[in-house]
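For reference, the structure is listed below as structure tokens.
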Amino acid sequence: MSKAQAVAYKQGDYKSKVKPIWCPGCGDYHVLISITRALAEIGVAPEDVAVISGIGCSSRIPAYTNCYGFHGVHGRSLALAAGLKVARPDLTVLITSGDGDGFSIGGNHFLHACRRNVDMTYIVMDNRVYGMTKGQPSPTTEPDWDSALSPGGTGLRPFHPLVIALASGANFVARTFSGDPNGTARVLVEAIRHPGFSFVEILSPCVTFRPDEKEWKNMVHTAPVEPTDDAARAARRIMTDDGFNLGVLYRGHRAPYQPEIGTASVDVADLEEAFLL
Amino acid sequence: MSKAQAVAYKQGDYKSKVKPIWCPGCGDYHVLISITRALAEIGVAPEDVAVISGIGCSSRIPAYTNCYGFHGVHGRSLALAAGLKVARPDLTVLITSGDGDGFSIGGNHFLHACRRNVDMTYIVMDNRVYGMTKGQPSPTTEPDWDSALSPGGTGLRPFHPLVIALASGANFVARTFSGDPNGTARVLVEAIRHPGFSFVEILSPCVTFRPDEKEWKNMVHTAPVEPTDDAARAARRIMTDDGFNLGVLYRGHRAPYQPEIGTASVDVADLEEAFLL
Amino acid sequence: MTNLTNIGDLLAHAYQIEIEAVERYQMLADQMEVHNNSELEKLFRKLAYHEGQHAEEIRTQMTDANVPELKPGEFRWAGPDSPEAVDLGDIHYMMTPWHALQLALKAEQQAFAFFDEFRRSASDPDIKRLADEFAEEEEEHVAMVLKELEKYPEPDDDWDDDPDPPVSPE
Amino acid sequence: MSSSKRNDAGNPRQSVSIAIVGSGGTGALTAGAMLLEAAGRVGLYGLMTRSVGPQIRGGEAAALLRFSAQPLACMGDSYDLLIAIDWRNADRFAAEIALTKDSVVIGDPRGGDMPEMVPESGARTAEIAMKALAKDIPGGRQNMIALGVAVGLLGLPEADLFAVIEKQLGKKGDEAVTASKAAIEVGLAEAAKLDHAVPLSVPSANAEKPERWMITGNEAAGMGAIRGGIRFAAAYPITPATEILEWLAPALTKVGGVLVQAEDELASINMVIGASFGGKPSLTATSGPGLALMIESLGLATAAEIPIVVVDVMRGGPSTGIPTKSEQSDLNIAIHGCHGDAPHLVLAPLSVGDCLFTTQWAAHLAEAMQAPAVVLSDQFLGQTRALIERPADVAFIAQRAAVTEAVNDYRRYALTAEAVSPMAIPGVAGGQYTADGLTHDEAGTPSSAAGHHEAQLDKRRDKIETFTYGDHWADIEGEGEVAVLTWGSLTGPAREAVARLAEDGIKARLVALRLIAPLQVEQLATALAGCKRVLVVEQTHSGQFYRYLRSMCDLPDEVRAFHRAGPLQIRPSEIDAQIREWRS
Amino acid sequence: MSSSKRNDAGNPRQSVSIAIVGSGGTGALTAGAMLLEAAGRVGLYGLMTRSVGPQIRGGEAAALLRFSAQPLACMGDSYDLLIAIDWRNADRFAAEIALTKDSVVIGDPRGGDMPEMVPESGARTAEIAMKALAKDIPGGRQNMIALGVAVGLLGLPEADLFAVIEKQLGKKGDEAVTASKAAIEVGLAEAAKLDHAVPLSVPSANAEKPERWMITGNEAAGMGAIRGGIRFAAAYPITPATEILEWLAPALTKVGGVLVQAEDELASINMVIGASFGGKPSLTATSGPGLALMIESLGLATAAEIPIVVVDVMRGGPSTGIPTKSEQSDLNIAIHGCHGDAPHLVLAPLSVGDCLFTTQWAAHLAEAMQAPAVVLSDQFLGQTRALIERPADVAFIAQRAAVTEAVNDYRRYALTAEAVSPMAIPGVAGGQYTADGLTHDEAGTPSSAAGHHEAQLDKRRDKIETFTYGDHWADIEGEGEVAVLTWGSLTGPAREAVARLAEDGIKARLVALRLIAPLQVEQLATALAGCKRVLVVEQTHSGQFYRYLRSMCDLPDEVRAFHRAGPLQIRPSEIDAQIREWRS
Ligand SMILES: Cc1ncc(C[n+]2csc(CCOP(=O)(O)OP(=O)(O)O)c2C)c(N)n1
Ligand SMILES: Cc1ncc(C[n+]2csc(CCOP(=O)(O)OP(=O)(O)O)c2C)c(N)n1
Ligand code: SF4
Ligand code: SF4
Ligand SMILES: [Mg+2]
Ligand SMILES: [Mg+2]
């Protein structure tokens with residue numbers, strides 16, 4: 001990161017020229033601002049950052065940044081990112097996902113990413129709906145939310161991403177609101193700097209399919225308590241909160257998973273010896 | 001279940017003639033006994049029970065029972081079972097899995113099965129290893145367990161199935177030990193009877209690849225506290241226990257997911273009206 | 001918020017306010033371009049241009065003062081965003097100039113409030129004088145926007161009524 | 001149905017193609033949908049597709065329509081009428097909306113710059129200030145003016161349009177209806193002022209108006225599933241298949257079935273397998289990426305002999321590709337996607353309306369043979385809204401050879417004459433067995449013996465290869481020494497091309513496969529008997545269908561493969577031209 | 001290499017096939033492995049496969065071996081020597097261990113009933129009380145007696161065997177070594193008493209012993225990967241691919257790479273894509289069910305142009321099938337499994353040792369073309385342990401056209417002459433781009449324009465179709481008007497069949513494809529020029545390879561497809577017989 005120290009990067013340096021296709025009013029615009037702001041704050045060179053995603057409105061972010069990006073397939077961003085980070089520990093790796101991409105089809109990789117604790121930052125824009133496919137319920141959708149696919153609601157208990165993250169071993173857990181780009185950026189800076197797997201859930205309204213979420217700005221509030229490093233306590237706290245508690249909720253101390261790479265102890269030819277009789 | 005009341009079933013009625021291929025000494029033999037014992041206790045007719053599994057030593061159970069069975073593909077048993085139970089609510093549905101099948105490749109369905117809360121019973125034989133493929137670490141394997149695939153150990157924090165089950169909404173959560181077939185059968189009876197999604201983790205030693213697990217019989221102990229119906233408290237309790245606490249740990253009250261099925265409110269022809277101009 | 005203690009700090013913040021306003025208006029213009037609202041695209045580009053000029057004015061003042069290089073997180077805003085940045089949550093692709101000007105108005109008012117509070121709480125006379133200057137400038141902007149708004153009646157309730165359904169690009 | 005180009009401008013045309021474009025909020029798509037419905041009330045046939053920008057809302061949009069008093073096989077080659085409510089980003093549609101010098105183009109002078117494509121085409125243009133005119137009507141909207149203009153220029157009876165307005169807008173209140181009618185009247189008046197009519201020949205006003213269904217292929221697939229006996233569905237949303245699910249969810253509930261939204265496609269296909277194992281005819285619907293995820297378990301259904309229907313509404317590939325555009329390039333994965341030898345059924349609907357029959361038939365076949373059936377619909381078929389005759393009632397329904405009463409010594413995978421073994425349904429005493437994806441013997445017990453492996457592989461092949469499929473395997477038309485051989489949604493353009501050739505006295509056959517796998521090799525040979533030249537037409541980049549045919553059967557000596565990737569569907573005139581050029 | 005049957009019983013044979021069977025705990029497999037290693041020290045070539053029951057431990061097991069002083073292409077048609085430590089469940093192997101009247105069968109009188117297959121074959125039998133004899137030796141084991149018997153009957157020098165014993169059992173202490181040696185001596189003595197020798201012609205004792213490698217195909221694939229530059233692997237265990245991973249895990253660490261055990265195959269292929277995007281040549285290994293799960297992301301790698309290597313060690317299919325047995329039936333999914341048109345590379349090693357070269361070449365090709373390469377190994381190749389010559393060093397190594405210094409105006413998917421675009425590696429300033437599975441333009445920006453779609457589809461096709469692959473695309477041998485056309489692991493039996501025909505003066509060619517896709521149509525035509533008859537040989541139920549060839553190229557007029565599902569590999573004599581029968 002010597003490059004980064006030499007140059008002072010501005011927020012604009014992390015934005016690409018590609019114009020978002022998001023609906024005007026979408027919370028994801030704010031998230032884009034928060035991410036670029038956080039990167040500028042940290043000062044890592046744009047080319048040393050990789051932003052990885054799956055499929056969804058939220059997953060469109062990589063191309064809107066001026067970093068290296070990968071817009072992969074639906075639900076697999078965490079695995080792709082883990083491969084990248086393990087192979088290239090020098091990079092700063094962010095993963096940008098949605099509640100469908102991350103918690104429905106991508107749920108298993110979420111569990112295992114938390115457990116594996118590779119040093120990267122997972123940002124999920126939770127709008128409690130599948131925006132990209134025109135408004136179906138996601139795992140975080142309220143049980144009574146009416147839609148064409150689930151008339152009258154799914155009747156299912158919403159998925160609790162923060163608790164799952166804690167239960168499966170994430171090393172940093174936070175919730176923010178897209179409508180507070182400064183607050184979100186601050187948390188992202190901390191998340192990126194925190195070693196190991198950091199998970200930040202950003203409540204990010206979908207104005208098109210969930211216009212009711214415009215109300216979120218009146219519902220969010222800062223977590224009334226200090227972050228803890230006791231996962232069990234943090235989990236219990238979140239399991240009983242109202243879902244609109246913002247802030248850093250957990251900071252863990254587990255060492256990140258990072259096998260040594262790039263340092264050969266033997267020549268390729270030496271490996272052959274085992275076969276020779 | 002009128003059939004069941006008429007006939008008195010014996011444990012043997014639930015065992016098939018197919019001879020297990022398991023290693024002698026394997027904990028799964030005991031599990032087979034516990035399952036058949038529990039079914040006899042409940043007295044449901046063998047033909048009204050379906051036992052669904054994926055792939056692994058543990059997943060071989062269906063064919064060893066005299067119930068309807070499905071030995072599907074690796075990791076997907078919960079989804080298959082959910083489809084079956086929703087379509088056929090009259091059946092008693094058990095799922096038998098292993099720590100690899102259930103928590104590695106099958107992790108996402110685990111999350112969503114807990115959340116969906118279909119009335120069925122999920123039995124995972126946890127031997128902290130991939131038995132069937134000859135001894136690789138599974139998500140529940142200790143971080144320092146040495147193997148060919150992970151020399152010196154994975155270094156990864158073990159996956160905590162019970163906590164994940166609680167965090168994602170399972171309605172009944174218990175842990176038993178295969179070496180105590182009576183105790184296990186008792187818990188299974190309760191699990192099967194409990195409405196909604198019940199999860200029973202059975203510690204079941206793999207004598208071939210984890211001979212150290214023969215020691216488990218000296219390590220298990222009954223949970224020192226009563227089961228609770230407060231998931232947050234249960235989660236916290238389990239997150240801090242030693243992993244060898246046995247017994248029913250959580251009983252929830254969520255209503256199972258069971259859309260009405262089989263009762264037509266309109267004729268097929270009536271659906272056509274919407275298309276007619 | 002108002003723990004800005006010297007001129008340099010104040011200038012840095014004033015400049016940042018305008019810069020972010022420019023960026024934000026440009027973003028909005030882009031959104032309108034992508035969503036085929038060319039009238040609004042033009043309007044937002046114009047607003048961006050004006051804020052840009054304002055930023056330029058401040059920058060010239062910065063040359064002689066000792067202005068710190070602040071990182072994004074080092075700016076001390078009271079709200080969730082910099083005061084003159086339009087809230088992106090209030091945007092709609094069918095919005096009319098009336099709406100856009102309402103947003104601009106709110107932004108200018110917030111900027112005014114920022115400097116206004118500042119000038120009232122500042123003790124250093126130099127800072128007070130500068131804050132005063134900025135506040136007045138914002139006040140002028142407020143007046144300008146209000147004047148512009150007179151040209152546009154408030155649109156009907158159904159201004160955002162799009163008869164066509166959303167589409168699914170992926 | 002011949003091309004509209006072939007009519008003189010003044011006389012009523014056999015078919016008319018019209019496009020209405022406009023950007024976010026102008027309501028171009030809604031106008032198109034109303035025009036379609038109005039035409040349906042007149043008793044016309046029609047098709048409407050739409051093309052849109054990448055934005056979720058507020059993007060540029062085009063409603064593309066075609067009408068005729070005769071059944072319509074496909075969209076036209078070019079457009080007779082283009083109405084631009086505005087021109088913003090309309091050049092996105094340049095390739096899709098072909099204009100000729102016979103085309104009429106109506107634009108709004110305030111709607112931005114007319115794109116190059118218009119003057120280049122030599123089309124006749126006129127201006128109508130739709131936006132300004134709408135402003136003068138309280139609650140008036142420009143798209144309703146455009147609708148009036150369209151109806152006026154086409155010469156459709158306005159009463160039918162008003163009936164649609166009343167039905168559609170009635171719930172919004174009288175004011176909305178009045179405003180729309182007023183706007184339409186203005187549009188009609190504007191149209192009347194112009195010398196730009198594109199009159200369509202319509203059923204005589206006196207005759208009884210034939211009844212029409214208005215339906216998309218996705219809705220038709222849903223309806224076909226229910227007619228075929230499907231009572232369980234599980235799926236995960238994906239463009240362009242989602243509408244099947246959204247239609248099925250409430251519909252299944254009404255007929256005593258259920259749809260479950262799964263966490264992903266791995267789950268949805270397994271849920272469907274589970275439900276079918278339980279005795280319920282079951283279906284899932286998806287598109288390419290989802291089908292890819294289902295492949296492992298499609299093999300399981302094949303090996304364990306569980307009937308299921310998988311509707312794949314194809315889109316541009318590979319990978320995420322072009323989700324909103326049509327392509328036929330999932331043919332390979334549908335036929336050959338499984339590991340191991342996993343013979344199963346692959347079908348394709350031949351038109352929007354045929355999505356109903358083909359899906360129904362697929363449910364019937366899957367159940368009859370206890371094998372998975374993949375139905376290859378595509379974005380064009382699925383999302384095009386069509387005016388059609390009510391599809392005939394057919395007897396095909398899920399009817400599984402099932403053991404429903406207590407049995408002894410049951411062998412699930414018994415080798416039988418038809419190679420289909422009666423399936424015990426959970427609940428039946430004595431029928432207990434374990435379905436297995438492992439190689440097994442007749443009882444279902446796992447085995448690695450060569451004999452068991454081969455016997456069960458033979459069985460699974462034979463049951464689908466020896467089944468009598470009847471005439472539905474293909475649509476065959478025409479005669480002659482040249483044949484157009486195609487499948488699925490390309491049948492429409494091919495059919496129209498063959499009809500046009502016939503009008504010019506050029507004999508050609510159409511052979512359009514509905515049953516793709518197992519390929520009916522003998523029947524195909526018969527259908528092509530006497531053919532010297534075969535043009536194989538498909539919407540893929542690599543000629544997947546052509547390769548598949550080559551792999552399975554001997555085609556006549558002269559074969560040409562005419563294929564192209566999406567998103568532009570091959571047009572009838574292109575097929576027509578290929579045949580003419582070949583003959584010369 | 002001619003069949004051992006063709007030798008007179010007394011004279012040294014060109015090759016000898018031997019089977020050692022025994023049930024759980026008898027150590028038959030260990031004896032086999034030691035015999036193989038001893039033969040290697042003698043300078044022989046050899047192969048050893050094993051066949052086991054379904055039990056995880058304690059099941060019946062057979063070590064199947066073949067030796068020769070000449071390179072061995074495959075297992076023999078039948079067995080010269082069968083030693084049964086016991087007979088429990090030995091009939092499971094009846095189909096695999098073909099006996100003839102020339103065979104010698106040694107059993108233990110206390111080892112249970114000799115299965116039918118022995119008397120039926122007419123083989124000469126003898127009894128040795130291995131169990132009882134072992135009891136008399138402190139620490140002696142019956143399998144060591146069997147080993148002694150084998151070495152005695154084959155006429156191998158016992159010194160080499162003792163060297164193996166010392167190496168293998170040295171760590172267990174002197175006692176173990178002494179006991180084993182004693183048991184072997186007893187076995188040798190017993191053998192000497194018998195009139196049942198099956199002498200093998202061995203390199204003369206004076207000559208310098210040629211150096212041998214002992215390696216399985218799975219190990220060879222791992223070694224090839226590392227030689228080819230692979231430095232990252234992610235995978236999920238699956239039979240019969242796991243040994244690749246278990247070999248690679250420590251080996252990669254030593255050369256500065258790493259292997260990650262993923263949560264499933266969906267994750268493993270995506271990890272590999274991520275690492276390769278980061279600039280590290282990367283590989284995963286799996287078998288059919290895992291490949292099925294990787295299919296969606298294989299399409300992503302194709303569309304986003306990320307080089308990766310996927311080794312598929314095929315097993316019996318479909319579905320879970322027969323995990324422990326070989327089949328070639330993943331050919332279809334490997335070539336055609338993706339949705340959309342997704343051209344990529346498919347290769348197959350032609351022998352156990354060739355797993356090294358082919359995997360290395362695959363890594364080179366994948367990187368050169370920025371495309372995924374699927375290597376179709378199979379259970380036979382992967383798990384057979386072979387004595388081979390050290391594979392030659394070849395220059396193929398991962399060398400990606402990469403942008404490694406700061407750039408401007410970078411376009412990731414630029415259309416270039418070779419259709420390969422230099423790839424910016426994260427960290428390079430100005431190279432920032434977003435890799436995408438959506439259809440994109442040259443810069444990588446998503447697009448649904450027909451022009452961009454076609455340009456990128458063309459590019460991805462052209463880069464692999466116009467690449468110069470050199471001579472490695474196939475192994476071609478022999479001449480004549482008849483050709484045996486095959487691929488992958490069936491090359492061995494085909495090669496031996498052609499050699500036998502040649503011995504009898506029957507000319508035949510062998511064409512064995514190493515590069516399956518893209519098919520080298522012109523080169524294949526040249527290789528087959530002048531051929532009138534082609535026998536297509538493969539281990540599938542439906543003739544997948546035959547169908548694929550038909551689909552892609554014109555074969556000579558007379559083509560026969562000779563194929564069979566697993567688990568029994570097609571034998572040289574069967575191919576030989578097909579050709580002879582056809583000629584007559
Ligand atoms: C395998 C696969 N299945 C389904 C889809 C369709 N799909 C695209 S995005 C999406 C959901 C996105 O939801 P979310 O992650 O919440 O993103 P949002 O659009 O709400 O930001 C789905 C189901 C797909 N692209 N691939
Ligand atoms: C898709 C797929 N991947 C991998 C495998 C190989 N496989 C079979 S069983 C198994 C692990 C089983 O572990 P577990 O569930 O713990 O069962 P156990 O044998 O320990 O009882 C694996 C990886 C497979 N059959 N299918
Ligand atoms: S659909 Fe919703 S999530 Fe997607 S861009 Fe629009 S507002 Fe945002
Ligand atoms: S390998 Fe382990 S889990 Fe499998 S049967 Fe043997 S003891 Fe049981
Ligand atoms: Mg979402
Ligand atoms: Mg296990």
Side-chain angles (χ1 to χ4, degrees), chain D residues 54 92 95 266 288-289 291-293 295-296 299-300 302-304 312 314 316-325 327 329-330 332-333 335-343 436-439 446 448-451 453-454 457-458 461 540-542 544 547-548 550-552 564-568, chain E residues 54 92 95 266 288-289 291-293 295-296 299-300 302-304 312 314 316-325 327 329-330 332-333 335-343 436-439 446 448-451 453-454 457-458 461 540-542 544 547-548 550-552 564-568:
Chain D
R92 173 184 303 276
L266 303 161
L291 182 62
L293 289 173
I295 278 298
E296 188 199 12
L300 172 65
T302 305
D312 172 22
M314 298 181 286
S319 196
T320 316
I322 314 185
T324 54
K325 299 286 178 179
E327 206 168 75
S329 53
D330 294 355
N332 275 344
I333 183 177
I335 302 172
H336 291 311
C338 293
H339 69 276
D341 280 298
D436 210 319
L438 278 166
T439 292
S448 61
H453 192 44
E454 199 174 339
L457 282 166
D458 285 352
R461 178 197 58 207
T540 70
H541 186 249
S542 64
Q544 299 184 9
R547 297 281 165 204
Y548 173 59
R550 277 189 66 117
S551 75
M552 299 303 292
R564 178 170 71 210
L568 297 181
Chain E
R92 172 184 302 277
L266 303 162
L291 182 62
L293 288 173
I295 277 298
E296 188 199 11
L300 172 65
T302 306
D312 172 21
M314 297 180 289
S319 197
T320 316
I322 314 183
T324 53
K325 298 286 178 178
E327 206 169 74
S329 53
D330 293 355
N332 276 343
I333 183 176
I335 302 173
H336 291 310
C338 293
H339 70 274
D341 281 299
D436 210 319
L438 278 165
T439 292
S448 62
H453 192 44
E454 198 175 339
L457 282 165
D458 284 352
R461 176 198 59 207
T540 70
H541 187 250
S542 64
Q544 299 183 11
R547 297 283 166 203
Y548 172 59
R550 275 190 66 118
S551 74
M552 299 303 291
R564 178 170 72 211
L568 297 181

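Lettering of chains follows the sequences in order, A, B, ..., and the numbering in each one begins at 1.
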So which part of [X] gets closer than 4.5 Å to some heavy atom of chain D, the side chain, the backbone, both or neither?
| X | answer |
| --- | --- |
| Leu300(E) | both |
| Ala95(E) | neither |
| His541(E) | both |
| Pro289(E) | both |
| Leu266(E) | side chain |
| Thr302(E) | neither |
| Pro446(E) | neither |
| Asp458(E) | both |

Handout entry: Partners meeting side chain to side chain donor-acceptor pair (under 3.5 Å) with Arg550(D) (sequence neighbours left out)
Key =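 Arg550(D) satisfies side chain to side chain donor-acceptor pair (under 3.5 Å) with Tyr546(D), Asp554(E) once adjacent residues are dropped.
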
Quick check for you: to the nearest 0.5 Å, what is the distance between [X] atom [atom1] and [Y] atom [atom2]?
| X | Y | atom1 | atom2 | value |
| --- | --- | --- | --- | --- |
| Leu293(E) | Leu293(D) | CG | CG | 8.0 Å |
| Leu457(E) | Glu327(D) | CG | CD | 6.5 Å |
| Ser542(D) | His336(E) | OG | NE2 | 8.0 Å |

Let's test your reading of the structure: which of [options] forms the most heavy-atom pairs below 4.5 Å with chain D?
| options | value |
| --- | --- |
| Asp341(E), Ile333(E), Asn332(E), Ile322(E) | Asp341(E) |
| Ala565(E), Gly566(E), Pro343(E) | Gly566(E) |
| Lys325(E), Met552(E), Arg547(E), Arg564(E) | Arg547(E) |
| Ala303(E), Pro323(E), Gly437(E) | Gly437(E) |

Practice task
Would you name the heavy atoms of Gln544(D) and Gly340(E) that are closest together and state the gap between them?
Solution key: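 That closest heavy-atom pairing would be NE2-O, 3.7 Å.
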
Problem - Stepwise side chain to side chain contact (heavy atoms under 4.5 Å, CB included) test for His339(E) and Asp330(D) - result: CA-CA 5 Å; His339(E) 70 274; Asp330(D) 294 355; 3.3 Å; yes

Name the option with the most non-hydrogen atom pairs under 4.5 Å to chain E; the candidates are [options].
| options | result |
| --- | --- |
| Pro567(D), Gly337(D), Gly321(D), Gly299(D) | Gly321(D) |
| Ser329(D), Gly317(D), Ala292(D) | Ser329(D) |
| Thr439(D), Thr324(D), Ile295(D) | Thr439(D) |

